[in-house]
Amino acid sequence: MTPCTDNRLPSFPSVRPVSDAAISYFPRRLVEFAGTLVRRTRIAVHSRRWREDHFQIGAVPVTLRTTCGRVARDYSNLYKRFRVDRHESPSVLVEVTRNRVRPFHRRRYEVRIGGDILFQPDSVSELLPYVEWAITWDVPRVLPGLLQLHAATLERDGMGLMLAGESGSGKSTLSVGLLTHGWRYLCDEFAMIDANTLMAHPYPRAICIKQSGYETLAKFGVPHDVGPKRLKGPKGSVMLVPPSALSSDAIGRPCPLKFIVFPKYEANARPSLEPISRPEAVARLHLVCFNLLTCKRLGLDVLTDLVRPASCYQLISGDLGETCELLTNLVDRSTQTTRAIA
Amino acid sequence: MQTTEYPVFSRRADVQVRELDGEAFVYDPRTADTHRLNDTALFIWKQCDGEQSVRDVIDAVTEHYDVGIAEACDHVARVIREFEQKGLIISEA
């Protein structure tokens, strides 16, 4: 062997053509498989066609931007009466994409707000409830003048009722029940209170009924196929009921809250209303408030002013029909008293 | 009249208090905790102004609520201890 005396670095070309001999070095099947993966990934990336739909759901302007046709169709069907051409002011922008870029992983969906991934559901049937959650997540940013509480709100004769409580306290089931008793719907999950006027504003999203509530509502005359059923993560199956499916005049107008009720469901219990003090009500509302510190006006002041003219009760709810009658009578008595005084 | 042998407490400036129906709702922004004060606790809270000693507070409670000194002493000590444990008041000593 001749010793190398040349100290210059060898110059390799940066890209060398792969010879047929090199390809034949690898098993043919492996090369074919790699080629298929590359093609599929390219197809997935290039097939991302964005669709953008705009909705004005009560006080909340929503833009849904997605590459997933099914979620766009489902959401548009659920909120078709709230569709608008475009928004004049900033809206809640939710993006839903299908992630197929990672070939060895299960396909996932991504629900994003402001570019940040909030949820990654595995199945398309889970998407709709997560889209709803994502919208709610972004409402305080878009509408800082609204105090947002985890509470259902309904209206009857211009008087507002708030049902405040944690998940499982029966807010949504009671909302459906009250809708069939002539009440009008503002929202089943999120009370939107104007921090200056203290009026409750409608956000008439589809009412989310858990599987455990299907039977109760069926006994109450609400068919169990009135809305699409979707998976909601660990909560299992949920039914999304458009309020317009329950009553022709379902959606209420902005109104002052006259009654603040904290429901607690007890199976087979006799429904009862127990008055509670206003400071107690403020303390409880504070626990279910989402934007106490980020609201335009100090949340504590809003809560105090909200509770001051209202009557506050602890509700033990049992039978749905009796509970709805109890609440309806409460409001009707108040209306009669107001009319008598006037 | 200020008596030096009794401690003096003052309310924390950043704690927010809203009065409603003779009671009060206290919000501590440091811990995000909320507390309810009944009318007696609210009265004692107002006396914790950094000037009146615990003895002055006891006297004020005795006058305002028409109770004996022993009962007032017991009540004021309990409420002030609770305020202090929750970090709502600070000792001026």
Side-chain angles (χ1 to χ4, degrees), chain A residues 140 144 147-151 160 162 164-166 191 193-198 256-262 264 273-314 334, chain B residues 9-50 52 57 60-61 63-67 71-72 74-90:
Chain A
L147 191 73
Q148 195 181 1
L149 299 125
H150 193 187
M162 180 192 275
E166 295 295 331
I193 310 297
D194 188 304
N196 291 320
T197 64
L198 303 175
L257 287 170
K258 296 285 182 192
F259 301 94
I260 296 173
V261 174
F262 299 89
K264 188 182 173 195
L273 278 167
E274 189 73 34
I276 60 169
S277 73
R278 290 186 177 94
E280 170 74 21
V282 175
R284 290 193 193 190
L285 287 179
H286 149 265
L287 296 175
V288 294
C289 186
F290 289 106
N291 57 337
L292 192 76
L293 299 176
T294 56
C295 184
K296 216 171 189 176
R297 190 175 160 225
L298 189 65
L300 194 62
D301 287 337
V302 181
L303 286 183
T304 313
D305 292 345
L306 185 71
V307 162
R308 211 180 293 277
S311 304
C312 308
Y313 297 92
Q314 166 77 53
S334 174
Chain B
F9 290 96
S10 62
R11 304 182 288 269
R12 247 178 57 211
D14 59 332
V15 170
Q16 294 171 17
V17 183
R18 299 291 179 278
E19 289 184 41
L20 204 61
D21 295 352
E23 297 186 17
F25 179 77
V26 178
Y27 177 70
D28 184 350
R30 207 182 285 172
T31 60
D33 284 339
T34 54
H35 311 279
R36 263 184 69 199
L37 309 184
N38 63 14
D39 60 338
T40 325
L42 177 61
F43 181 81
I44 296 169
W45 172 262
K46 286 178 177 170
Q47 308 305 310
C48 296
D49 54 4
Q52 297 189 72
V57 178
V61 168
E63 280 174 29
H64 193 266
Y65 288 99
D66 194 22
V67 289
E71 194 180 344
D74 177 52
H75 198 80
V76 169
R78 192 153 41 84
V79 172
I80 284 187
R81 198 179 303 125
E82 205 170 333
F83 285 160
E84 203 181 9
Q85 279 170 357
K86 287 176 175 157
L88 299 173
I89 55 172
I90 42 177

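Naming: A, B, ... by sequence-line order, numbering from 1 per chain.
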Asks: Which value, rounded to the nearest 0.5 Å, describes the distance between A:L300 atom CG and B:R18 atom CZ?
Replies: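 Interatomic distance, A:L300 CG to B:R18 CZ, rounded to 0.5 Å: 5.0 Å.
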Asks: Taking all atoms of both residues into account, what is the closest heavy-atom pair of A:T304 and B:E19, and its distance?
Replies: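 Closest approach of A:T304 to B:E19, heavy atoms only: CG2-O, 4.4 Å.
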Asks: Determine the option with the most heavy-atom pairs under 4.5 angstrom with chain B, choosing from A:D301, A:L287, A:L303.
Replies: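 Among the listed options, the one with the most contacts to chain B is A:D301.
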Asks: Minimum heavy-atom separation for B:R36 and A:S277, please, with both atom names.
Replies: NH2-OG, 3.3 Å
Asks: Just wondering, are more than 12 heavy atoms of other shown residues or ligands nearer than 6.0 Å to CG in B:D66?
Replies: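 No, the 6.0 Å shell around CG holds no more than 12 heavy atoms from other groups.
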Asks: Can you check whether B:Y27 reaches A:L292 side chain to side chain, under 4.5 Å on heavy atoms?
Replies: yes
Asks: Evaluate whether atom CD of B:E71 has more than 12 neighbouring non-hydrogen atoms of other residues, nucleotides or ligands under 6.0 angstrom away.
Replies: no
Asks: Rounded at 0.5 Å granularity, tell me how far CZ in A:R278 sits from CG in B:L20.
Replies: 7.0 Å
